[in-house]
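Report on the following structure.
Residue numbers run from 1 in the order of the sequence given. Keep in mind the model is a prediction, meaning the values are calculated, not measured.
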Amino acid sequence: METNFQEEDRYYQAKKRVEDLKGFYGNLTSYIVVNIFLAVINLITSPGYLWFFWPLLGWGIGVFFHAMKVFNWMPFFGKEWEEQKIKEFMEKEKQSRNDWK
C-alpha cells in the first residue's frame, strides 16, 4: 500500500515538473517572438531611439526569475527552505494545539 502511494506521489511530482517546464518554455518563446516583433517595429518607425530595450529588459528579468524557479537555481527560497518552513509551521501548530489543552 505504501509503495503504491509513493509511486503515485512521484508521478504527480513529475507531472507538475513537466507542467512547470512547459510553462517556462511557453514564456521564453513568447518573450523571444514578441521582442523580435517589437525590435522590428522600433527599427522601422523610430530607429533614432531604441525603446524596445525597455520591454526586453523588464520581461527578461521576469523570464530569468522564472528560469531560476523552474530549474531550481534559487539560492534563496528553495526546496530546502520550503521544507524547513513547513516543519516550522507544523511545529508551531502542534504547540498551539497543546497550549489550548
Open item on the list: Closer than 3.5 angstrom, by distance alone: can the side chain of Tyr31 be matched with the main-chain N or O of Leu56 as a donor-acceptor pair?
Closed with: yes
Task: Atom pair NE2 (His66) and OH (Tyr25), whose distance is rounded to the nearest 0.5 Å - done: 10.5 Å
- [ ] Please determine if Glu19 and Lys16 form a salt bridge, counting it only when a charged side-chain N lies under 4.0 Å from a carboxylate O.
- [x] no
- [ ] First locate atom OG of Ser30, then atom CZ of Phe37, and finally report the distance between them rounded to the nearest 0.5 Å.
- [x] 13.5 Å
Open item on the list: Check this for me, if you would: do Glu82 and Lys85 make a salt bridge, where the nitrogen-to-carboxylate-oxygen distance has to be below 4.0 angstrom?
Closed with: no
Open item on the list: Any non-hydrogen side-chain atom of Tyr49 less than 4.5 Å from a side-chain atom of Asn42?
Closed with: no
- [ ] Any chance you could measure Leu57, atom CG, to Asn35, atom CG, to the nearest 0.5 Å?
- [x] 10.0 Å
Task: CG-CH2 distance between Asn27 and Trp59, expressed to the nearest 0.5 angstrom - done: 6.5 Å
Task: Joint hydrophobic cluster, Val33 plus Phe53, side-chain heavy atoms closer than 4.5 Å - done: no
Open item on the list: Whether the side chain of Arg17 engages the backbone of Val70 through a donor-acceptor N/O pair (distance < 3.5 Å, no angle test) should be reported.
Closed with: yes
Task: Nearest-0.5 Å distance that lies between atom CZ in Phe64 and atom CH2 in Trp73 - done: 7.0 Å
- [ ] Kindly work out whether a path of hydrophobic side-chain contacts (I/L/V/M/F/W/Y, heavy atoms less than 4.5 Å apart) joins Phe5 to Tyr12.
- [x] no
Open item on the list: Please find the pair of heavy atoms, one from Leu21 and one from Phe71, that lie closest to each other, and give the distance.
Closed with: CD2-CE2, 3.6 Å
- [ ] Compare every heavy atom of Ile41 with every heavy atom of Trp51, then report the nearest pair and how far apart it is.
- [x] CZ2-CG2, 4.2 Å
Open item on the list: Any carboxylate oxygen within less than 4.0 angstrom of a Lys/Arg side-chain nitrogen, looking at Glu83 and Lys87?
Closed with: no
Open item on the list: Tell me whether Phe65 shares a hydrophobic cluster with Trp54, the cluster being built from Ile, Leu, Val, Met, Phe, Trp, Tyr side chains joined at under 4.5 Å.
Closed with: yes
